[in-house]
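Below is one structure; the comments refer to it alone.
When a residue number appears, it is its place in the shown sequence, counting from 1. What you are looking at is a predicted structure, and each value in this text was computed from that prediction instead of being measured.
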Amino acid sequence: MYQIQKEQVAGQKTLILPSMFDYHYPLLKYAFCSEEYYPVVLDNAENIVETGLKHVNNDMCFPCIIDIGQIICALKTGNFDLNNTLLLMPTFGECCLGSNYTEILKKVLEDAGIHGVKVITFSMKEGETNKVHMQYFMYMRAFFSMHYCDLLLYLTLQIRPYEVSKGDTDRCRQKWLDILSEELRTGTNMNPLLLKRRFKTIISDFAAIPQTGEKKQRIGIVGELFTRYCHFANRDIVRYLEDEGCEVFINGLSSYFLYYMDTHKKYAEGAMRFGYTALSVMIGTYQKILLRTLRKSGMFAFTDYGTLKKAIGKEKAELDSVGDGWLISMDTLGCFQNGIRKILGVQAFRCIPSHIYGRGQYMSMMRKYHGRVVSLDFDSSLPDVNIQNRIQLLISNVIDDT
């Protein structure tokens, strides 16, 4: 397995990744390390929305404006050799606005007079050109980092609101990010058979954090991928909810990848179809192990993807595969079935898949499970006070069990 160097070496191109996954990119970035690539996850925040709006029409969705604004701001700092830099714009080629990100970024670079930088994408679709060159060991690092980060996400969100000493949970999370980063970098302890034991060790470490023992209301966050996982895209609503005395739940990234492969393997052929199936089995198996280990340790654990897919119904699973599609409905159903009665449905303004498969399903599920879903559309012009007012409506709502 390729040994990742701490510093960029000769022959490697800088691979810039815009912020997308707060809880996953600290480890998932190692999946893009190879002899060819040295990944850098952007964290610059100043003027990224304003810069994005200068180059992208405001009728484009909010994630695109943020990503392009962040990339342009970073490139103009002079910190990157433009002739040795690649821009990774994640897109899965769906029939939503997200499928246009790559071409829009190319045009923005040209209009901004930034030359020499090549735009590539991460896509599993056959026939796609200018893709990241993935190798076996890169997939292995992605597999380990995704499950580890899912676990750290679950533990951080359910322990941080109750910690006695502020900052203990984030320090524990950072400790494990440092340990796991070194293992991913050197390729050590990357045996799937050791994962269950490592899950237990991490859970025990978090469980040892002194907690207040109080009970807070748990708020689920479902919706579009970028808006769920990136604080730039959702105005840091996780921290806002925690400051307001709530515990937050967000489902892990592994469910999205299972959903994506599930909805695309029927269009694939030959080796691609086999790859989808094999990856689905492997990821699904270890997702169940992770959730079962959490549950046995006395922690809150969500329902696994396969069980929820059966619950959402075969017809939806076969027909609705645009964007985040029926995954939004499935996560909402999973929240209600796991006792999470209050849910925030988040998406970019004008996100049609989220409105159809999210808002279009919320009312029927609210009636059935006597819960409450508040939908939040994010765009560049939305004032924070509007977001907070909508959230306060959810927090203060008293749910009638009748």
Side-chain angles (χ1 to χ4, degrees), residues 20-21 59-64 66 91-92 94-99 218-235 237-238 241 248-260 262-264 302-303 305 308-379 382 386-387 389-391 393-395 397 399:
M20 279 190 69
F21 307 116
D59 65 359
M60 196 63 190
C61 58
F62 195 38
C64 182
I66 291 175
T91 174
F92 291 94
E94 301 288 28
C95 48
C96 70
L97 289 176
S99 63
R218 183 179 285 148
I219 307 291
I221 297 179
V222 303
E224 185 268 331
L225 189 72
F226 185 92
T227 321
R228 267 188 294 160
Y229 292 117
C230 180
H231 71 283
F232 289 136
N234 63 32
R235 310 288 179 86
I237 57 173
V238 171
L241 283 164
V248 178
F249 172 79
I250 306 173
N251 198 11
L253 192 59
S254 56
S255 284
Y256 177 83
F257 278 97
L258 286 168
Y259 157 80
Y260 182 87
D262 227 3
T263 54
H264 287 73
F302 206 56
T303 308
Y305 172 85
L308 278 177
K309 180 188 172 185
K310 291 177 183 177
I312 201 67
K314 185 179 179 182
E315 287 188 7
K316 281 191 177 66
E318 288 182 347
L319 297 176
D320 303 346
S321 57
V322 179
D324 294 80
W326 51 264
L327 180 65
I328 301 172
S329 306
M330 193 178 80
D331 280 347
T332 306
L333 175 65
C335 284
F336 283 143
Q337 290 186 340
N338 282 281
I340 302 175
R341 307 283 298 284
K342 296 182 179 182
I343 300 169
L344 280 174
V346 297
Q347 59 275 322
F349 184 58
R350 292 181 300 273
C351 180
I352 299 302
S354 295
H355 284 224
I356 294 172
Y357 307 128
R359 277 183 169 174
Q361 305 293 324
Y362 293 152
M363 189 57 68
S364 62
M365 284 192 279
M366 282 193 285
R367 284 195 297 264
K368 183 175 181 179
Y369 292 98
H370 305 288
R372 176 73 172 164
V373 183
V374 169
S375 186
L376 274 176
D377 287 10
F378 290 88
D379 74 354
L382 185 65
N386 286 21
I387 298 169
N389 285 341
R390 296 282 290 169
I391 293 174
L393 283 173
L394 181 66
I395 293 174
N397 182 261
I399 296 176

Quick check: do [X] and [Y] have side-chain heavy atoms less than 4.5 Å from each other?
{"X": "Cys61", "Y": "Gln347", "value": "no"}
{"X": "Phe378", "Y": "Ile66", "value": "no"}
{"X": "Leu327", "Y": "Thr263", "value": "no"}

Atom [atom1] of [X] and atom [atom2] of [Y]: how far apart are they, to the nearest 0.5 Å?
{"X": "Leu333", "Y": "Ile328", "atom1": "CG", "atom2": "CD1", "result": "13.5 Å"}
{"X": "Leu376", "Y": "Leu382", "atom1": "CG", "atom2": "CG", "result": "7.5 Å"}
{"X": "Phe249", "Y": "Ile219", "atom1": "CZ", "atom2": "CD1", "result": "13.0 Å"}
{"X": "Asp59", "Y": "Phe349", "atom1": "CG", "atom2": "CZ", "result": "10.5 Å"}
{"X": "Met330", "Y": "Lys309", "atom1": "CE", "atom2": "NZ", "result": "9.5 Å"}
{"X": "Ile343", "Y": "Met365", "atom1": "CD1", "atom2": "CE", "result": "7.5 Å"}

side-chain contact (heavy atoms from CB on, under 4.5 Å) evaluation trace for Asn251 with Tyr256: CA-CA 9 Å; Asn251 198 11; Tyr256 177 83; over 6 Å; no
Worked check of side-chain contact (heavy atoms from CB on, under 4.5 Å) between Tyr260 and Leu225: CA-CA 12 Å; Tyr260 182 87; Leu225 189 72; over 6 Å; no
Without swapping roles, check the side chain of [X] against the backbone of [Y] for a donor-acceptor pair under 3.5 Å.
{"X": "Asp379", "Y": "Phe62", "answer": "no"}
{"X": "Tyr362", "Y": "Thr332", "answer": "no"}
{"X": "Lys342", "Y": "Asn397", "answer": "yes"}

Considering non-hydrogen atoms only, spot the tightest contact between [X] and [Y] and give its length.
{"X": "Ile340", "Y": "Gly220", "result": "CG2-N, 3.4 Å"}
{"X": "Arg390", "Y": "Ser375", "result": "NH2-O, 3.0 Å"}
{"X": "Asp262", "Y": "Trp326", "result": "OD2-CH2, 4.3 Å"}
{"X": "Val373", "Y": "Met366", "result": "N-SD, 3.1 Å"}
{"X": "Val222", "Y": "Cys335", "result": "CG1-SG, 4.1 Å"}
{"X": "Ala233", "Y": "Phe226", "result": "CB-CE2, 2.9 Å"}

Tyr369: ring-ring contact (aromatic ring centres under 6.0 Å, His included) partners, not counting sequence neighbours: Phe336
With sequence neighbours excluded, residues passing ring-ring contact (aromatic ring centres under 6.0 Å, His included) with Tyr305: none
Arg359/Asp377 ion pair, N-O < 4.0 Å: yes
side-chain contact (heavy atoms from CB on, under 4.5 Å) partners of Ile395, counting only residues at least two apart: Gln217, Leu241, Glu244, Cys246, Ile391, Gln392
Thr303: side-chain contact (heavy atoms from CB on, under 4.5 Å) partners, not counting sequence neighbours: Thr307, Leu308, Asn338
Residue pairs, two or more places apart or on separate chains, that pass salt bridge (Lys or Arg N to Asp or Glu O under 4.0 Å) and touch residues 218-232: Arg218-Glu247, Arg228-Asp324, Arg228-Asp331
Residues which pass salt bridge (charged side-chain N to carboxylate O under 4.0 Å, His left out) with Arg372, listed by chain and number, not counting sequence neighbours: none
